[in-house]
Amino acid sequence: MNHPTPAVTPYELLGGETAIRALVKRFYALMDTLPEAYGVRKLHPRDLSGSEEKLFMFLSGWLGGPQLFVEKFGHPRLRQRHLPFSIGIAERDQWMLCMRQALAGQNMDDGLRQDLDRKLADLADFMRNKAENGAENGPPGRG
Ligand code: HEM
């Protein structure tokens with residue numbers, strides 16, 4: 001008998017669309033209110049509903065669910081889409097502060113939480129495009 005175990009995606013483990021919408025809503029509510037996140041907040045439009053919808057669509061596909069962002073906007077080219085904004089260590093850390101707190105409010109097992117935390121932190125680090133003194137990596141092509 002051959003019963004391959006279907007791969008359970010992080011999308012499903014988290015609780016699908018409802019849970020991911022709740023995560024993203026919480027993430028931007030935190031960004032909008034935490035004084036420590038003001039630096040990253042002020043890069044965003046005054047109305048965060050568009051940002052919320054785009055991050056939801058991106059995370060849906062990134063977590064193994066429907067590829068909503070790709071279907072609507074094409075390849076994410078996430079780093080390139082962030083080039084208009086000056087993102088350094090402070091902005092990266094503020095983004096992750098909000099994301100960590102949002103993840104903390106979601107029900108999931110610790111292994112998944114750690115895995116998501118690490119992968120999102122890597123992705124946030126990859127968005128950095130501002131040269132900084134003593135930075136571990138500057139923009140691509142600058143060593
Ligand atoms: C590292 C710090 C980051 C900063 C400062 C930042 C900032 C921004 C800003 C200012 C926008 C434009 C807002 C808008 O379109 O309404 C944006 C768009 C977006 N961000 Fe980020 N972001 C960061 C990291 C990330 C990460 C790690 C992800 C993915 C997990 C992400 C996903 C997106 C998506 C999907 C969009 C929409 C792109 C588009 O306009 O097509 N961002 N981000």
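In listed order, ligands and their atoms are each counted from 1. Here, residue 1 is the first one in the sequence, and each next residue gets the next number.
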Peer 1: Keeping the roles fixed (side chain from Glu12, backbone from Thr9), state whether a donor-acceptor pair exists under 3.5 Å.
Peer 2: yes

Peer 1: Looking only at protein heavy atoms, which one is nearest to atom 35 (C) of ligand 1, and how far off is it?
Peer 2: Phe58 CB, 3.6 Å

Peer 1: Test of understanding: given a 4.0 Å heavy-atom threshold, classify the contact between Pro76 and ligand 1 as side chain, backbone, both, or neither.
Peer 2: neither

Peer 1: Honestly, is Lys54 close enough over Phe73, meaning NZ or CZ under 6.0 Å from the six-membered ring centre and within 45° of the axis?
Peer 2: yes

Peer 1: Taking CG in Asn107 as the centre, count heavy atoms belonging to other residues, nucleotides or ligands within less than 6.0 Å. Is the count above 12?
Peer 2: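 No, the 6.0 Å shell around CG holds no more than 12 heavy atoms from other groups.
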
Peer 1: What verdict does the side-chain contact (heavy atoms from CB on, under 4.5 Å) test give for Leu55 and Phe69, after you've listed the backbone C-alpha separation in whole Å, the side-chain angles of each residue and the deciding distance to 0.1 Å?
Peer 2: CA-CA 8 Å; Leu55 185 58; Phe69 189 92; over 6 Å; no

Peer 1: Is the backbone of Arg128 close enough, under 3.5 Å, to the side chain of Arg79 for a donor and an acceptor to pair up by distance?
Peer 2: yes

Peer 1: Look at atom 30 (C) of ligand 1 and say which protein heavy atom is nearest, naming residue and atom and giving the distance to 0.1 Å.
Peer 2: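 Answer for atom 30 (C) of ligand 1: Leu123 CD2, 3.6 Å.
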
Peer 1: Between Asp115 and Lys119, does at least one N-O distance fall below 4.0 Å, as a salt bridge requires?
Peer 2: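 Here Asp115 pairs with Lys119 in a salt bridge, since their nearest N and O are under 4.0 Å apart.
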
Peer 1: In the protein, what heavy atom is nearest to atom 5 (C) of ligand 1, and what distance, to one decimal place, separates them?
Peer 2: Val40 CG2, 3.4 Å

Peer 1: Please check if atom CZ in Arg26 has more than 12 non-hydrogen atoms from other residues, nucleotides or ligands closer than 6.0 Å.
Peer 2: no

Peer 1: What's the count of protein N, O or S atoms under 2.8 Å from atom 21 (Fe) of ligand 1?
Peer 2: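 Step by step: take atom 21 (Fe) of ligand 1, keep protein N, O, S below 2.8 Å, and you get 1.
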
Peer 1: Is a donor from one side chain sitting under 3.5 angstrom from an acceptor on the other, for Ser49 and Glu52?
Peer 2: no

Peer 1: Check whether any side-chain N or O of Ser60 sits under 3.5 Å from a backbone N or O of Pro66 as a donor-acceptor pair, and report yes or no.
Peer 2: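 Flag set: sc Ser60 to bb Pro66 pair under 3.5 Å.
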
Peer 1: Applying a heavy-atom cut-off of 4.0 Å, say which part of Ile87 lies close to ligand 1: side chain, backbone, both or neither.
Peer 2: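 It is the side chain that gets close, since no backbone atom is under 4.0 Å.
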
Peer 1: Verify, without hydrogens or angle tests, whether Arg100 (side chain) and Asp117 (backbone) share a donor-acceptor contact under 3.5 angstrom.
Peer 2: no

Peer 1: Any side-chain to backbone donor/acceptor pair from Asn129 onto His82? Under 3.5 Å, distance only.
Peer 2: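 Present.
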
Peer 1: Which residue owns the protein heavy atom closest to atom 9 (C) of ligand 1, what's the atom, and how far is it?
Peer 2: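 Atom 9 (C) of ligand 1 sits closest to the protein heavy atom His44 NE2, 3.4 Å.
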
Peer 1: Closest non-hydrogen protein atom to atom 37 (C) of ligand 1, residue and atom name please, with distance?
Peer 2: Lys54 CD, 3.5 Å

Peer 1: Atoms of ligand 1 less than 4.0 Å from Leu43 heavy atoms?
Peer 2: 5 (C), 10 (C)

Peer 1: Would you check whether Phe69 reaches within less than 4.0 Å of ligand 1, judged by its heavy atoms?
Peer 2: yes

Peer 1: Could you check atom 1 (C) of ligand 1 against the protein and tell me its nearest heavy-atom contact, residue, atom and distance included?
Peer 2: Ala124 O, 3.4 Å

